[in-house]
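Given the structure is predicted, the values throughout are model-derived calculations rather than measurements. Keep in mind that the numbers below use all heavy atoms, side chains included, and drop hydrogens, waters and symmetry copies.
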Amino acid sequence: MRPVYHPDRKDITLAGVLYALGDPIRLEIVKLLAEKGELTCAAFDLSVAKSTMSHHFKLLREAGILYCRKQGTQHLNSLRGEDLEARFPGLLESVLESAERCAVSKRSKH
């Protein structure tokens, strides 16, 4: 099995991070990882095809948001919080807080 690509901290770009976080499915993945910590791909119960999920994980990983490590047949995903905080202080926290405010607002309207 070939190694999984992760960009060096210095190569993580703001445009790449914002693009990756701009998709609702990818944002949900990041929110779940922020809440629960390291998770396998199978732990995400999102209503998309497995190939689509793989694409989302790859995009998040290549943007520098996720770290993926292999353990046997499992892929374990975690946020690269320290790297993101070093590159763009407060960005991830701000995005997650904003996403939560939007979710609360949507729930209160229904």
Side-chain angles (χ1 to χ4, degrees):
M1 221 176 245
R2 65 181 174 187
V4 178
Y5 169 76
H6 297 91
D8 288 335
R9 178 187 283 185
K10 67 180 176 30
D11 296 327
I12 299 172
T13 67
L14 182 59
V17 170
L18 293 175
Y19 175 78
L21 293 174
D23 180 90
I25 298 286
R26 292 191 292 268
L27 185 56
E28 187 64 25
I29 291 168
V30 171
K31 284 173 27 181
L32 287 168
L33 288 170
E35 290 171 15
K36 300 181 186 238
E38 187 176 61
L39 295 170
T40 65
C41 295
F44 295 87
D45 186 25
L46 303 172
S47 59
V48 295
K50 186 175 178 181
S51 61
T52 303
M53 283 297 288
S54 294
H55 170 75
H56 287 307
F57 279 103
K58 179 181 178 187
L59 206 146
L60 287 165
R61 185 175 37 77
E62 290 181 350
I65 298 170
L66 295 185
Y67 179 77
C68 176
R69 69 182 179 90
K70 294 180 182 180
Q71 184 175 18
T73 60
Q74 300 282 345
H75 287 83
L76 297 160
N77 301 282
S78 57
L79 290 178
R80 292 180 63 180
E82 287 183 23
D83 290 335
L84 290 169
E85 187 62 25
R87 291 286 289 144
F88 313 110
L91 176 68
L92 185 59
E93 181 180 348
S94 179
V95 167
L96 292 172
E97 285 175 6
S98 179
E100 183 57 30
R101 282 194 304 273
C102 288
V104 168
S105 175
K106 279 185 180 179
R107 285 192 298 265
S108 68
K109 289 181 181 179
H110 293 293

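Leu96 and Leu33 fall within the same hydrophobic cluster, defined by Ile, Leu, Val, Met, Phe, Trp and Tyr side-chain heavy atoms under 4.5 Å apart, directly or through other members. Leu92 and Tyr67 fall into different hydrophobic clusters, where Ile, Leu, Val, Met, Phe, Trp and Tyr side chains are chained together by heavy-atom contacts under 4.5 Å. Two different hydrophobic clusters hold Val30 and Leu59 under the rule that ILVMFWY side chains link at heavy-atom gaps under 4.5 Å.
Rounding to the nearest 0.5 Å places CG of Leu91 at 9.0 Å from CD of Glu85. Taking CZ from Arg87 and CZ from Arg80, the interatomic distance works out to 10.5 Å, rounded to the nearest 0.5 Å.
Side-chain contact between Ile29 and Met53 is present, with at least one heavy-atom pair separated by less than 4.5 Å. Residues Leu79 and Leu66 are in side-chain contact: their nearest non-hydrogen atoms beyond the backbone lie under 4.5 Å apart.
Nearest heavy-atom pair, Leu32 versus Leu39, reported as atom, atom and distance to 0.1 Å: O-CD1, 4.1 Å. Looking at every heavy atom in both residues, Ala99 comes nearest to Leu27 through CB-CD2, 3.8 Å.
Applying the salt bridge (charged side-chain N to carboxylate O under 4.0 Å, His left out) rule to Asp45 yields no partners; only residues at least two apart in sequence or on another chain are considered. Applying the side chain to side chain donor-acceptor pair (under 3.5 Å) rule to Lys31 yields the partners Glu28; only residues at least two apart in sequence or on another chain are considered.
In this structure a side-chain-to-backbone donor-acceptor pair under 3.5 Å is present from Ser54 to Lys50.
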Give every donor-acceptor pair under 3.5 Å between a side-chain atom in residues 3-23 and any protein atom, sequence neighbours left out.
unit_1 : atom_1 : unit_2 : atom_2 : d
His6   : ND1    : Val4   : O      : 3.3
His6   : NE2    : Cys68  : N      : 2.9
His6   : NE2    : Cys68  : O      : 3.3
Arg9   : NE     : Asp83  : OD1    : 2.7
Arg9   : NH2    : Asp83  : OD1    : 2.8
Thr13  : OG1    : Gly16  : N      : 3.0
Asp23  : OD2    : Ile25  : N      : 2.9
Asp23  : OD2    : Arg26  : N      : 3.2

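Atom CD of Glu93 sits in a sparse spot, with 12 or fewer heavy atoms from other residues, nucleotides or ligands closer than 6.0 Å.
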